2 protein chains.
Amino acid sequence: MPDDMIVSIAYRFKILSEPMRLKILRAICGGEKTVQEIVNEAQASQANISKHLSMMYESGLVERRKDGLKCYYRLADDNVFKVCGLISKSIENNMKHRLKWINNKNDSLTQ
Amino acid sequence: MPDDMIVSIAYRFKILSEPMRLKILRAICGGEKTVQEIVNEAQASQANISKHLSMMYESGLVERRKDGLKCYYRLADDNVFKVCGLISKSIENNMKHRLKWINNKNDSLTQ
DNA sequence: TTGTTATATAACTAAATAGCTATAAAATAA
DNA sequence: TTATTTTATAGCTATTTAGTTATATAACAA
């Protein structure tokens with residue numbers, strides 16, 4: 001993989017590396033929502049959510065549709081969920097691994 | 001997905017959000033390597049690589065084995081590659097989408 | 001017009017961090 | 001012992017950024 005691809009992927013990861021932005025994704029994973037609805041679900045200030053949404057829109061992670069005063073945001077594609085699934089699986093593996101390691105240590109202490 | 005899971009996943013993404021750390025993963029994707037080998041491949045200072053490796057080790061992304069003066073690092077699991085694959089696919093989709101959008105705009109301008 | 005609602009943005013602050021230099025630690029060799 | 005090699009870490013600086021408050025923009029209603 002070339003360096004510039006690495007930089008692009010790293011930037012995409014950076015967008016996904018903020019809990020508040022993942023909460024936004026969680027809020028819209030079932031379908032498009034207005035900014036206000038997302039604000040309520042993610043429990044943050046309107047300015048903060050709006051800034052995150054703008055950033056996510058600029059980077060192509062979400063799409064939007066304006067209707068009167070409201071602005072509806074939705075996911076650009078669903079790869080992000082597969083990604084989160086893999087990451088959580090990886091975290092799970094890691095915790096199992098550490099647990100096993102701790103257990104082995106306890107075993108050798110009690111033997 | 002509960003908030004604490006979101007925080008864990010966000011942290012994992014954060015580790016993956018630095019190009020230099022992705023270069024390290026690229027270096028060791030074929031098997032374990034010493035710190036010095038990784039330094040040469042990733043083209044960074046020894047202190048910098050060592051700091052990144054320590055962080056990646058602490059968070060369970062890589063494992064290590066010491067042998068005399070050398071220290072060998074390897075991937076903890078290969079989910080990270082599936083993740084990068086999905087991300088790059090997502091970036092690809094996004095670029096196609098934008099390209100289509102630009103083409104449509106050009107079409108409507110030339111019509 | 002004026003007022004209200006929904007969203008975006010500007011300016012700021014505090015906190016986090018990537019990379020640097022210098023040095024410590026630890027294993028090996030002479 | 002002393003010297004060398006490999007890796008880790010401490011301390012520092014400059015940059016980035018999440019969240020805040022205040023304000024701007026823009027659509028709608030009266």
Side-chain angles (χ1 to χ4, degrees), chain A residues 3-4 6-28 31-75, chain B residues 3-4 6-28 31-75:
Chain A
D3 282 9
D4 53 352
I6 280 194
V7 170
S8 295
I9 294 177
Y11 182 64
R12 184 57 67 106
F13 279 133
K14 189 164 209 167
I15 298 168
L16 296 170
S17 74
E18 197 58 36
M20 190 55 74
R21 287 194 284 269
L22 292 185
K23 288 182 186 177
I24 290 174
L25 294 178
R26 180 177 60 181
I28 62 175
E32 63 175 18
K33 286 215 169 78
T34 67
V35 175
Q36 201 50 240
E37 288 170 330
I38 298 167
V39 165
N40 293 335
E41 282 205 35
Q43 306 216 72
S45 73
Q46 181 271 323
N48 190 17
I49 294 294
S50 190
K51 200 162 83 167
H52 283 307
L53 284 170
S54 294
M55 175 195 185
M56 292 160 84
Y57 175 73
E58 288 301 320
S59 64
L61 203 67
V62 301
E63 293 172 350
R64 70 184 173 196
R65 171 178 73 86
K66 294 192 181 183
D67 179 29
L69 282 175
K70 311 278 186 72
C71 188
Y72 293 86
Y73 281 86
R74 62 182 181 281
L75 279 173
Chain B
D3 281 10
D4 54 352
I6 279 195
V7 170
S8 295
I9 294 177
Y11 181 63
R12 184 59 66 106
F13 279 133
K14 189 163 208 165
I15 297 168
L16 295 170
S17 74
E18 196 58 36
M20 189 55 74
R21 285 194 285 269
L22 293 185
K23 287 182 187 178
I24 289 174
L25 293 178
R26 180 177 61 181
I28 64 176
E32 63 175 19
K33 286 216 169 79
T34 67
V35 175
Q36 201 49 241
E37 287 170 331
I38 298 168
V39 165
N40 292 335
E41 282 204 35
Q43 307 217 71
S45 74
Q46 181 270 323
N48 189 18
I49 293 294
S50 189
K51 200 161 84 168
H52 284 306
L53 284 170
S54 294
M55 175 194 186
M56 294 162 84
Y57 175 74
E58 288 302 320
S59 63
L61 202 69
V62 300
E63 294 172 348
R64 70 183 173 199
R65 171 178 72 86
K66 293 191 183 185
D67 179 29
L69 282 175
K70 309 279 185 71
C71 188
Y72 292 86
Y73 282 86
R74 61 182 181 280
L75 279 172

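A note on names: the letters A, B, ... follow the listed sequences, proteins ahead of strands, and every chain is numbered from 1. The model shown is predicted, which means the values in this text are computed figures rather than measured ones.
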Taking only heavy atoms on the protein side, list every residue of residues 32-44 of chain B lying under 4.0 Å from any atom of DNA chain C, sorted numerically.
-> none
Applying salt bridge (charged side-chain N to carboxylate O under 4.0 Å, His left out), name anything that partners B:Lys23, two or more places apart in sequence or on another chain.
-> A:Asp3
Is there a side-chain contact between A:Val7 and B:Leu22 (heavy atoms, below 4.5 Å)?
-> no
Residues 47-58 of chain A vs salt bridge (charged side-chain N to carboxylate O under 4.0 Å, His left out), sequence neighbours excluded, gives none
Can you run down the salt bridge (charged side-chain N to carboxylate O under 4.0 Å, His left out) pairs that involve residues 10-20 of chain B, sequence neighbours left out, and say none if there aren't any?
-> none
Across all chains, not counting sequence neighbours, the side chain to side chain donor-acceptor pair (under 3.5 Å) partners of A:Asn48 are A:His52
Looking at residues at least two apart in the chain, or sitting in another chain, which of them share a side chain to side chain donor-acceptor pair (under 3.5 Å) with A:Lys33?
-> A:Glu41
Using whole Å, report how far NZ of B:Lys70 lies from P of D:dT4.
-> 18 Å
What is the distance from NZ of B:Lys66 to C1' of D:dA8, rounded to the nearest Å?
-> 8 Å
Sugar-phosphate, base or nothing in reach of [X], heavy atoms under 4.0 Å:
| X | result |
| --- | --- |
| A:Ser54 | sugar-phosphate |
| B:Tyr72 | nothing |
| B:Tyr57 | nothing |

How would nucleotides 14-19 of chain C be written as a contact map, 5' to 3', with B for base contact, S for sugar-phosphate-only contact and - for no contact, using protein heavy atoms under 4.0 Å?
-> --SSBB
Encode nucleotides 22-30 of chain D as B, S and - characters from 5' to 3', where the letter depends on protein heavy atoms closer than 4.0 Å: B to the base, S only to sugar-phosphate, - to neither.
-> B---BBS--
Given side chain to side chain contact (heavy atoms under 4.5 Å, CB included), test B:Ile49 with B:Met20 step by step and report yes or no.
-> CA-CA 8 Å; B:Ile49 293 294; B:Met20 189 55 74; 4.2 Å; yes
Applying side chain to side chain contact (heavy atoms under 4.5 Å, CB included) to A:Ser59 and not counting sequence neighbours gives A:Tyr11, A:Ile15, A:Leu61
Only counting residues at least two apart or in another chain, list the ones meeting side chain to side chain contact (heavy atoms under 4.5 Å, CB included) with B:Arg74.
-> B:Glu32, B:Glu63, B:Arg65
CG-CD1 distance between A:Leu53 and A:Ile24, expressed to the nearest 0.5 angstrom = 4.5 Å
Step by step, would you call A:Ile6 with A:Ile9 a side chain to side chain contact (heavy atoms under 4.5 Å, CB included)?
-> CA-CA 5 Å; A:Ile6 280 194; A:Ile9 294 177; 5.9 Å; no
Just jot down the ring-ring contact (aromatic ring centres under 6.0 Å, His included) partners of A:Phe13, sequence neighbours excluded, or say none.
-> B:Phe13
Chi angles and distances behind the side chain to side chain contact (heavy atoms under 4.5 Å, CB included) call for B:Asn40, B:Gln36 = CA-CA 6 Å; B:Asn40 292 335; B:Gln36 201 49 241; 3.9 Å; yes
To 10°, what angle do the rotation axes through the five end pairs on each side of the helix from C:dT1-D:dA30 to C:dA30-D:dT1 form?
-> 0°
